Amino acid sequence: MSFPSLPVLTALPAAGALVVAFLPKTATKAAKGISLLVSLLVLAGSIELAIRWDTHGSRFQFVSSYKWIPQFGVRFDFGLDGIALVMLVLIGLLTPLVILAGWNDVERATGDRSVKGYFALILALLCCMVGVFAATDTFLFYVFFEAMLVPMYFLIGSYGGPRRQYAAVKFFLYSLVGGLFMLAALIALYVYGRQHYGGHGTFAFAKLAALHLDPATQKWLFLGFFIAFAIKAPLFPFHTWLPDAGGEAPIGAAVLLVGVLDKVGTYGFLRFCLPFFPDASRWFAPVVIVLSVVGIFYGSLLAIGQRDLKRFVSYTSVAHFGFIALGIFAFTSQGGSGAVFYMVNHGLSTGALFLVVGFLVARRGSSDIADFGGVGRLIPWVSGAFLLAGLSALALPGMSTFISEFLVLLGTFSANKPAGAIATVGIILAAIYVLVVYQRTMQGKLGPTLSEETKYQDMNLREAAVVGPLIALILVFGVYPKPVLDIINPAVKATLHDVGKHDPPPVHAPAPANAQGDNR
Amino acid sequence: MHHLQYTSATGAFSSAWLLIAIPAVSALILLLAGRRGDRWGHLLGVAAPLASFVLGAISFFALLGKSGDQREVHQHLFSWVPVAGFRVDAGLLFDPLSACFVLLITGVGSLIHIYSIGYMAHDEGRRRFFGYFNLFVASMLLLVLADNYLALYVGWEGVGVASYLLIGFWYGRPSAATAAKKAFVVNRVGDVGLSIAIMLMFVQLGTVSFQGVFNNAHTLGSGTLVALTLLLLLGACGKSGQFPLQTWLPDAMEGPTPVSALIHAATMVTAGVYLIARSNPLFDLTHTGQTFVCAVGAITLMIGCIVGCAKDDIKRVLAYSTVSQIGYMFLAVGLGGEAYAFGILHLLTHGFFKAALFLSAGSVMHGMNDQVDIRRFGALRKYMPVTWAVFGVGYLAIIGFPGLSGFFSKDKIIEAAFNRPGWTGWLFGAVALLGAGLTAFYMTRLYLLTFHGEKRWTDDVHPHESPSVMTWPMILLAIGSAGAGAYLLYGAKITDFLAPVVGGAKPEERLAPAAVTGLTLILVLAGIGVAWALFARGPQPTTEPRARSPFVIAARNNLYADAFNEAVLMRPGIWLTRALVYLDGKGIDGLVNGLAAGVGGGSGRLRRLQTGFVRSYALTMLGGSLAVLAALLIVRIS
């Protein structure tokens with residue numbers, strides 16, 4: 001076995017969290033420094049893995065396995081497929097940016113609460129996020145899946161906005177209920193697995209995926225997993241916790257909540273629902289597709305109607321998760337790869353959007369849209385970043401978000417024309433919600449509570465370093481998405497193979513390959 | 001069946017990507033430079049399209065040096081979006097059609113860039129203006145050089161964003177911000193059509209490259225072809241301001257006038273015409289699709305003429321005339337055969353004379369403290385002789401005065417319309433003919449009220465001629481407006497030049513060309529005459545006279561298109577949004593909270609419980625869940 005990269009990447013932030021937690025309360029500088037260092041190490045590690053990744057290699061790479069609870073066949077199994085790898089890199093990228101974004105703002109938001117506590121919680125969350133994507137033992141995944149709630153609960157409940165406690169409890173209850181459904185299904189799956197394999201049974205992904213359960217059982221177990229993931233994602237109509245959580249969470253936590261934690265839901269669809277329950281997935285797909293399309297419209301319309309910037313971003317995410325789920329349950333290569341790429345891009349795009357909203361809140365002391373108006377001329381650079389992030393949220397062609405959204409729509413359309421066509425209409429609503437909010441906050445006359453004398457500092461270097469990389473990546477991947485798609489495609493292909501679906505061939509097979517360009 | 005064969009790009013063509021890259025990089029520099037770039041920003045901003053123009057001209061002459069069947073030059077760049085069966089490569093296609101557009105965009109574009117140095121001289125955002133302007137040029141070049149529909153879509157939306165940014169350039173004005181948003185959103189409606197068209201191509205043919213789609217188009221069923229062409233037409237209607245998506249274009253005049261000239265007259269709004277002309281192998285296969293294109297063109301050209309007669313804002317009249325002239329182009333490309341080339345010819349001549357008209361309108365505004373109401377102009381001929389002359393040439397060109405460029409291009413379209421087989425030919429021909437008369441009327445009205453008669457401006461206005469950095473580009477455009485039509489049709493033989501791309505089948509002649517020309521001239525003269533009688537003599541009112549006829553009232557209200565959109569789309573949309581926001585709080589969330597109340601003893605009590613005990617509460621939850629977990633494990637396994 002080679003160097004255990006994944007266990008180390010998981011354990012490193014946990015160790016960091018402990019160190020930061022036991023620092024003296026006044027050592028805030030050290031807490032920030034250590035946190036940033038640890039997160040940058042995780043980023044470096046994840047990039048190193050991406051570079052070493054073999055696109056033609058096996059489905060799971062960087063595998064390592066240790067004994068844990070032999071009585072139940074539970075093991076510390078780590079490994080990445082292409083989908084988990086791109087999510088890992090996304091986590092590696094977002095965490096240092098979030099830490100940097102909270103560098104000065106946390107103090108203001110925390111009041112009497114401990115600054116080092118905030119950073120320790122972020123590191124604890126980082127540990128769980130890496131673990132949840134790196135685990136190939138389903139029980140280990142479940143543990144990280146639930147453990148993730150705790151640091152997030154405290155981040156929202158202790159460092160959030162005025163209604164933070166309501167939001168935190170709601171978030172916790174929702175997720176916990178979903179998690180229990182999954183736990184029940186997981187245990188049942190284990191029991192079936194033990195009957196099949198004998199001995200102490202197993203939670204290993206590959207072995208559970210190889211169980212061929214009868215369709216009726218699959219349906220029940222599918223539901224258990226599905227509800228957990230649909231709440232986490234969140235899919236309409238399980239979404240109502242998100243606007244509260246996203247609206248009340250401190251910006252950094254909101255970025256990680258919507259950018260990464262929610263993706264565990266859509267990741268779970270792909271990683272567990274489809275391979276474990278292929279028949280049930282196909283059986284339930286029409287329902288999920290309808291929910292997704294409804295979610296796209298519902299999330300978009302509600303985003304248009306929001307009066308608070310953070311709730312606005314949360315509702316746009318409800319619409320985006322509709323697109324992601326749509327792509328997954330279309331069961332086509334384009335839909336699947338589009339959905340995974342969408343997960344990455346949504347992290348970049350919504351991350352940027354939330355972070356810029358954070359800049360605005362830091363200046364204005366409010367996230368109420370009515371408190372802004374015409375602010376663009378006071379802070380042109382922040383305003384420009386807001387527009388770029390907004391354009392990426394509406395999936396502007398030329399940006400990476402367009403590639404993923406178009407692939408999702410294309411993949412859906414090729415499997416289900418009405419669903420694909422209806423979902424495409426959603427792009428109009430996306431334009432409306434982004435531009436309406438941009439107009440209300442940045443354009444037109446100065447808001448009634450602002451005056452010409454109002455002075456705000458424009459974007460500073462730290463803030464530029466926080467959103468700059470995200471926007472740059474969105475543009476780069478819009479022009480050249482191939483490196484990411486090359487990592488994602490084989491994993492999606494394997495998943496579709498698990499679920500027993502093939503891409504529909506073109507209706508009219510094109511004439512014999514007529515290579516572009518050189519014909520003479 | 002014409003089979004598309006590409007020649008690979010060598011020599012001058014291998015740098016085709018630079019055409020796009022130069023203005024794109026320049027835009028990036030201008031927008032990131034910040035205040036530091038204010039001193040030299042406009043110089044870089046002008047240099048970029050000029051450089052692209054020189055490159056484009058070199059490529060154009062290299063293209064002329066090739067024989068007719070070798071003029072589809074293709075450059076493969078890189079693998080762009082590869083996912084299983086969906087493989088889109090980034091590549092450029094430099095052929096006679098894209099060459100025409102490249103020269104128009106960079107040539108007229110450069111002139112308008114130079115003009116803007118003067119026009120925007122006193123605006124503190126001039127560097128930003130040039131940044132957006134260069135972004136537009138880059139996107140537009142990508143639009144016309146892309147070798148597949150997906151990359152075309154990127155350029156398509158890029159010009160949309162540039163247009164959004166430039167309409168809302170003075171974003172402090174609420175009307176400008178609203179107009180910008182409206183333009184983008186209406187365009188998105190069209191984009192839905194374009195998106196689904198691209199998906200349908202992939203589903204049917206497994207490819208979205210021009211070559212792949214066109215060479216296999218004959219295998220498509222007729223229903224699919226109709227659907228495909230109508231979806232493309234929807235996209236084209238959005239971008240080109242055609243019925244029923246025409247309402248954004250007049251509002252787009254909120255942007256600075258050079259923007260109106262370049263983006264909302266000469267180039268971007270003709271992208272829909274390009275899309276249809278480019279997709280000619282698809283449209284040629286479906287008569288129904290073509291009839292729809294013609295009908296949209298005919299309806300829109302009438303709408304533009306009628307509303308154009310009723311407006312008093314110099315830029316709005318020109319905007320509606322743009323709507324109307326693009327209607328002519330749509331009519332032409334809908335007719336098919338040799339009329340494709342006539343549509344492109346009209347597009348090119350329109351690029352010249354409409355740019356000349358807009359730039360001289362801008363020059364008028366520049367000298368009149370940004371006044372746009374033609375009832376407040378009058379007698380400007382004496383104060384702005386160059387502007388008057390340029391506007392005059394543009395005016396004569398657009399109404400189709402014999403010998404000037406509009407005469408050749410519009411006349412050909414009217415002829416071709418009459419030649420369409422069946423009764424539709426008579427209808428479309430008659431509409432096009434009538435439109436020519438109406439165009440003469442409203443343009444004469446505009447011209448007379450602005451430059452002739454008594455002065456009607458207030459005393460604080462001191463009209464003056466614009467600086468030479470503005471007048472020289474105007475003069476060059478006026479020369480183009482005068483001569484481009486005859487040169488392109490007879491000198492450059494544009495129909496033969498474009499034939500390899502769009503074909504050139506001549507239909508049977510129904511009316512002698514001379515008869516059509518005669519009829520057109522009679523109507524044009526009648527239009528001029530009526531306008532002369534109404535607006536050349538006697539004092540003109542300085543405010544809009546009260547209208548009695550419902551026809552005039554309807555025309556002043558844009559034929560109620562905006563009112564319709566507001567009543568049918570906007571209002572219900574707002575109500576639906578409000579209702580959903582209410583329900584999301586009360587309905588779904590209420591249900592969930594109620595459920596929680598039933599199970600856990602009320603969210604109110606929950607809230608009381610937590611106060612002060614957040615941590616212990618969470619830990620209790622965690623402990624509880626672990627206990628449940630353990631219990632489940634033990635029960636199920638033992």
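Since the model is a prediction, treat every value here as computed from it, not as a measurement. Residue numbering restarts at 1 for every chain, and letters A, B, ... go by the order of the sequence lines.
- Taking all atoms of both residues into account, the shortest heavy-atom contact from Thr424(A) to Ser195(B) is CG2-CB, 3.8 Å.
- In this structure, no portion of Met399(A) lies under 4.5 Å from any heavy atom of chain B.
- Between Tyr480(A) and Phe78(B), the angle of the ring planes goes over 60°, which puts this pair in the perpendicular group of the 30/60° scheme.
- In terms of heavy atoms, Gly85(B) sits closest to Gln334(A) at N-NE2, 3.7 Å.
- Closest approach of Leu580(B) to Leu301(A), counting heavy atoms only: CD1-CD1, 3.5 Å.
- Of the atoms belonging to Leu394(A), heavy atoms from both backbone and side chain fall under 4.5 Å from chain B.
- Looking at Ile574(B), neither its backbone nor its side chain comes within 4.5 Å of chain A, counting heavy atoms on both sides.
- Here Phe413(A) is the residue among Phe413(A), Tyr315(A), Trp381(A) with the most heavy-atom pairs under 4.5 Å with chain B.
- Of the possible donor and acceptor atoms, none in the side chain of Asp486(A) sits under 3.5 Å from a partner among the backbone N and O of Pro82(B).
- For the set Val161(B), Thr178(B), Thr224(B), the count of heavy-atom pairs under 4.5 angstrom toward chain A peaks at Thr178(B).
- With a threshold of 4.5 angstrom between heavy atoms, Leu32(B) approaches chain A through its backbone and through its side chain.
- Counting non-hydrogen atoms of other residues, nucleotides and ligands closer than 6.0 Å to CZ of Arg307(A) gives a total of 12 or fewer.
- Nearest heavy-atom pair across Arg188(B) and Ala395(A) is NH2-O, 3.6 Å.
- Ranked by non-hydrogen atom pairs under 4.5 Å with chain A, the options Tyr164(B), Trp170(B), Trp156(B) are led by Tyr164(B).
- Scanning both residues, Pro174(B) and Lys445(A), for their nearest heavy atoms gives CD-NZ, 3.8 Å.
- Of the two parts of Leu220(B), the backbone and the side chain both hold a non-hydrogen atom closer than 4.5 Å to a non-hydrogen atom of chain A.
- Ring planes of Tyr153(B) and Phe402(A): perpendicular class, angle over 60° (limits at 30 and 60°).
- The closest donor-acceptor contact from the side chain of His508(A) to the backbone of Leu205(B) lies at 3.5 Å or more, if one exists at all.
- Closest of all the heavy-atom pairs between Val154(B) and Pro397(A) is CA-CB, 3.7 Å.
- Most heavy-atom pairs under 4.5 Å with chain B, from the set Asp503(A), Leu446(A), Ile403(A): that is Ile403(A).
- With a 4.5 Å cut-off on non-hydrogen atoms, Ile427(A) touches chain B through its backbone and its side chain both.
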